[in-house]
Amino acid sequence: MQISISELAALLNGVVEGDGSALVNSVAKIEEGKTGALSFLANAKYEEYIYSTGSTAVLVNTSFVATKPISTTLIRVEDAYAAFTFLLEKFSNPTAELKGIEPMSFVDESASLGENSYVGAFAYISKNVSVGEKTRIFPHVFLGANVKVGKNCIIYSGVKIYHECVIGDNCIIHSGTVIGADGFGFAPLPDRSYKKIPQTGNVVIEDDVEIGSNCSIDRATMGSTYIRKGTKLDNLIQVAHNVDIGEHGVLAGQAGVAGSTKLGKYIVVGGQVAIAGHLQIADGNQFGGQAGVQASIKDENQKWFGTPALPLRESLRSSAINRRLPELLSRLEALEKEIKNIKSE
Amino acid sequence: MQISISELAALLNGVVEGDGSALVNSVAKIEEGKTGALSFLANAKYEEYIYSTGSTAVLVNTSFVATKPISTTLIRVEDAYAAFTFLLEKFSNPTAELKGIEPMSFVDESASLGENSYVGAFAYISKNVSVGEKTRIFPHVFLGANVKVGKNCIIYSGVKIYHECVIGDNCIIHSGTVIGADGFGFAPLPDRSYKKIPQTGNVVIEDDVEIGSNCSIDRATMGSTYIRKGTKLDNLIQVAHNVDIGEHGVLAGQAGVAGSTKLGKYIVVGGQVAIAGHLQIADGNQFGGQAGVQASIKDENQKWFGTPALPLRESLRSSAINRRLPELLSRLEALEKEIKNIKSE
Amino acid sequence: MQISISELAALLNGVVEGDGSALVNSVAKIEEGKTGALSFLANAKYEEYIYSTGSTAVLVNTSFVATKPISTTLIRVEDAYAAFTFLLEKFSNPTAELKGIEPMSFVDESASLGENSYVGAFAYISKNVSVGEKTRIFPHVFLGANVKVGKNCIIYSGVKIYHECVIGDNCIIHSGTVIGADGFGFAPLPDRSYKKIPQTGNVVIEDDVEIGSNCSIDRATMGSTYIRKGTKLDNLIQVAHNVDIGEHGVLAGQAGVAGSTKLGKYIVVGGQVAIAGHLQIADGNQFGGQAGVQASIKDENQKWFGTPALPLRESLRSSAINRRLPELLSRLEALEKEIKNIKSE
């Protein structure tokens with residue numbers, strides 16, 4: 001990205017105030033701006049920075065009224081934040097141009113690759129795999145037999161997808177994530193050793209899902225483990241066999257969902273939350289960081305904290321009193337003394 | 001798997017009731033059955049489903065007596081569940097046929113590969129590695145110098161095993177797991193920086209161990225980190241340097257065991273449990289999800305919950321009262337008022 | 001390592017007592033010694049073992065005075081522990097000899113590789129990457145476009161570093177770690193679905209940093225995520241976008257730091273600790289295992305435990321009383337009865 005301010009303004013139907021011929025080649029927060037950077041001002045809270053920013057250009061809303069002199073060049077647009085993210089998407093995707101099959105990759109002859117797809121070196125595409133159009137398979141990716149990946153996906157370097165798993169359209173999966181490894185199923189034997197229970201199902205990832213790095217999403221014992229449409233997973237997340245995560249959920253880093261649990265739609269799960277197995281969680285429930293969810297939840301749209309997870313208000317009260325326990329103990333001891341005195345009178 | 005019901009029955013010494021010529025090509029839970037699927041009924045709790053299942057065939061125990069008309073075909077066997085898992089193992093292992101060294105792999109000329117072993121493309125086999133017979137090394141696996149892998153193992157795509165580590169027979173290691181990276185050992189220096197302590201030991205994984213995806217099992221500072229015979233690890237588990245996990249243990253996802261801790265046999269560790277370093281845990285102890293184990297345990301076969309981990313009964317009581325703290329505080333305040341009244345009388 | 005005791009002593013300016021011609025080929029703790037092993041005795045607590053050790057040679061301090069007969073060979077040096085770690089470093093680094101570009105690697109013609117660097121088979125070096133002298137890039141490593149890696153680094157097998165990220169000198173990054181994947185940023189839309197916020201920043205790892213296996217360190221939304229000079233990360237750690245971890249910190253396994261949080265210098269973070277987003281933590285603070293840090297900390301050098309994290313003393317007191325809650329409840333009930341009695345008199 002090396003482009004003049006006038007060219008940017010033209011792309012955005014914006015109006016330039018200042019030197020339109022100056023070049024920008026990077027983006028920065030308005031308070032960290034430097035020469036060549038483009039910033040934006042959308043939130044009035046940050047207004048002070050526009051008078052001192054080092055950025056070469058700043059996107060502002062049409063309605064913005066300066067209250068002091070400004071030395072940077074402004075581009076006025078209807079919605080400064082929307083214009084900024086539009087530019088980021090347009091210019092910042094380093095994978096957009098990747099196409100074709102690089103040498104030193106392995107693509108089984110029975111696999112089918114969509115138009116304008118990309119397969120990086122050292123990627124391994126097994127039998128009967130199908131990859132949709134414009135999907136980019138980075139180096140070191142492994143796609144097991146019969147895997148289906150939809151169109152417009154980005155599968156980053158080192159992702160492993162076991163046999164039979166299905167990925168929808170417009171999905172992004174980051175490096176190190178493993179999809180479809182065996183669920184954790186073992187039958188105890190009389191001698192206290194364990195026998196493996198074959199895991200014969202698969203994983204189905206629906207459209208528009210993004211999965212962070214180093215996640216583990218296990219295949220079902222039978223049937224499928226599901227990540228439904230639009231759901232977003234952060235990094236290092238554990239999704240056990242036969243879990244079903246509803247549409248448009250958000251799970252933060254290091255969260256874990258145990259086997260056969262079904263989360264509704266619009267669920268929000270904080271970092272390091274653990275959700276036990278075989279539960280049903282209704283739509284729209286939210287869980288604070290490190291919560292431990294040990295029971296099903298029937299009501300929708302509640303907030304939960306702590307282990308075991310309690311409703312927000314209850315959890316805050318208990319936690320506040322918990323901190324006052326030494327004081328409570330003293331007060332209890334004082335009462336005991338008083339009663340002893342009263343009785344001895 | 002595309003096989004007639006009669007052929008299946010023959011494999012199982014079973015008796016067909018219904019159309020033995022129908023073909024099955026998949027498996028399903030009895031309540032989710034569809035055309036072409038094989039299901040089983042072992043638990044009387046699920047009996048109702050056999051009268052309405054969409055499955056083409058259902059395995060039942062010889063003793064099963066129908067109480068309503070059945071439209072699916074039955075195969076009667078001594079133990080329906082055992083027969084089902086026998087079939088799963090027979091037909092569902094997509095790796096069973098893999099053999100030989102694929103082109104574009106790297107196998108050092110000093111390495112020795114057992115009969116009928118498999119090395120996938122882009123696998124890297126270093127100096128003096130030995131791989132046992134029938135062991136399958138998937139694409140993108142790295143085996144460092146002098147690594148030994150036993151026979152009948154499956155090392156899935158992307159597993160990394162550092163130099164000198166030893167894997168027993170019949171082990172399964174899932175994608176993304178790293179075995180033998182340096183333990184976390186640093187000596188503080190007077191200027192508050194740290195100096196690396198060389199980690200010169202290795203990791204020894206005994207026979208019949210299964211390790212899930214994206215686990216980290218560090219090499220010992222000196223000596224070995226051990227995972228003993230028959231133990232099963234889920235995904236994203238941390239095993240620090242010089243840990244020793246006894247035989248036939250089970251550790252659920254995202255659990256962590258800190259340095260030099262020794263777990264006995266038959267240990268059961270829940271998800272996200274943390275076990276501190278330098279502890280000794282006696283045989284058969286069990287830890288509920290998210291427990292924090294901060295002290296050694298000498299008694300066998302106890303159940304522990306919470307942080308710090310308490311015996312099950314004690315933990316349940318404290319946790320129940322903890323939830324009632326606001327009520328306790330009110331009752332305490334009421335008593336204080338009463339005593340004030342009594343004293344002022 | 002196969003070397004005579006006399007040769008070792010010469011390397012260390014040490015004095016041999018016993019058979020200097022015997023050969024050592026391994027190291028062992030003094031209590032686990034066996035033929036061919038070298039051990040050390042630095043801590044008087046372990047003195048008893050020197051009289052029975054099976055090790056062929058033992059390093060001892062010049063000042064050591066035996067109180068019983070010794071059968072092993074001694075090497076007397078000024079500082080036995082320092083001499084031991086010196087030898088470990090000298091002999092135990094299996095990567096020290098690696099040099100050159102192995103066949104079946106991919107190195108873009110625009111990339112620059114320093115003198116005596118190493119690139120393993122199946123490594124992928126993208127456009128405009130620069131790798132410093134003596135840096136070793138193991139098999140299956142992915143370096144995205146414009147990545148810079150300093151000198152004397154070890155990047156172990158399967159590490160993935162996304163475009164634009166920067167690694168300093170003398171860094172060690174273990175297998176499975178992913179640096180620079182997209183931060184977890186999504187804007188909620190009116191229909192309750194989410195829109196990806198482009199993550200256009202990078203990750204900057206400063207000099208002398210070591211990062212364990214299977215860590216996830218996300219790129220900044222804008223600007224950089226920082227791991228400062230000398231900091232050490234264990235395994236399976238989550239570092240979110242725009243986090244800044246100060247110099248000479250230590251983070252134990254499975255810890256997580258949420259977005260935009262800034263940790264000072266000399267921070268110590270226990271295993272499975274979660275630090276919430278947008279916090280500022282002053283220098284030298286320490287967090288016990290599984291702590292949940294929910295607020296900024298202005299004072300330096302404090303110790304914190306629990307969720308929410310409390311100062312050490314306060315946390316210990318609350319946690320001790322928490323365990324006595326059933327007793328407190330009984331005492332409260334006893335008081336209630338007494339008062340009832342008093343009132344009814």
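A, B, ... follow the sequence lines: proteins, then strands. Residue 1 opens every chain.
- Only the side chain of C:L310 comes within contact range of chain A, judged by heavy atoms closer than 4.5 Å.
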- prompt: So A:F138 and C:Y124, ring pair (Phe, Tyr, Trp, His ring centres under 6.0 Å) or not? Walk me through it.
  reply: CA-CA 10 Å; A:F138 272 66; C:Y124 190 101; 8.3 Å; no
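- For C:A123, the part lying under 4.5 angstrom from a heavy atom of chain A is the backbone only.
- For C:S213, no part lies near chain A; criterion is any non-hydrogen pair under 4.5 Å.
- The contact between C:D182 and chain A is made by backbone and side chain atoms together, counting heavy-atom distances below 4.5 Å.
- Looking at C:A220, neither its backbone nor its side chain comes within 4.5 Å of chain A, counting heavy atoms on both sides.
- With a threshold of 4.5 angstrom between heavy atoms, C:L236 approaches chain A through its backbone and through its side chain.
- Of the listed residues (C:D218, C:I197, C:L325, C:D191), the one with the most heavy-atom contacts under 4.5 Å to chain A is C:D218.
- One N or O on the side chain of A:N214 and one on the backbone of C:C215 form a donor-acceptor pair closer than 3.5 Å.
- Here A:E210 is the residue among A:E247, A:E210, A:K265 with the most heavy-atom pairs under 4.5 Å with chain C.
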- prompt: Could you go step by step and tell me if A:H140 and C:K160 meet the side chain to side chain donor-acceptor pair (under 3.5 Å) rule?
  reply: CA-CA 10 Å; A:H140 312 122; C:K160 312 300 178 191; 3.1 Å; yes
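- Taking NZ from C:K196 and OG1 from A:T85, the interatomic distance works out to 12.5 Å, rounded to the nearest 0.5 Å.
- Contacts of C:P188 with chain A are absent, with no heavy-atom separation under 4.5 Å from either backbone or side chain.
- A donor-acceptor pair under 3.5 Å is absent between the side-chain atoms of C:Y194 and the main chain of A:V250, judged by distance alone.
- Only the backbone of C:I237 comes within less than 4.5 Å of a heavy atom in chain A; its side chain stays farther off.
- Annotation: C:F186, atom CZ; neighbour count of heavy atoms from other residues, nucleotides and ligands within 6.0 Å is above 12.
- A ring-centre distance under 6.0 Å is found for C:Y162 and A:Y156.
- Heavy atoms of C:V159 lying under 4.5 Å from chain A are absent altogether.
- If you run side-chain contact (heavy atoms from CB on, under 4.5 Å) between C:E338 and each of A:K340, A:K343, A:E336, only A:K343 comes through.
- Contact annotation for C:I342: only side-chain heavy atoms (C-beta onward) come within less than 4.5 Å of a heavy atom of chain A.
- Residues of residues 251-262 of chain C placed with any heavy atom under 4.5 Å of a heavy atom in chain A are listed by number as C:Q254, C:A255, C:G256.
- Heavy atoms closer than 4.5 Å to chain A are found in both the backbone and the side chain of C:Q238.
- Contacts of C:Q290 with chain A are made by backbone atoms alone, with heavy-atom separations under 4.5 Å and no side-chain atom involved.
- Neither the backbone nor the side chain of A:F305 comes within contact range of chain C; no heavy atoms are under 4.5 Å apart.
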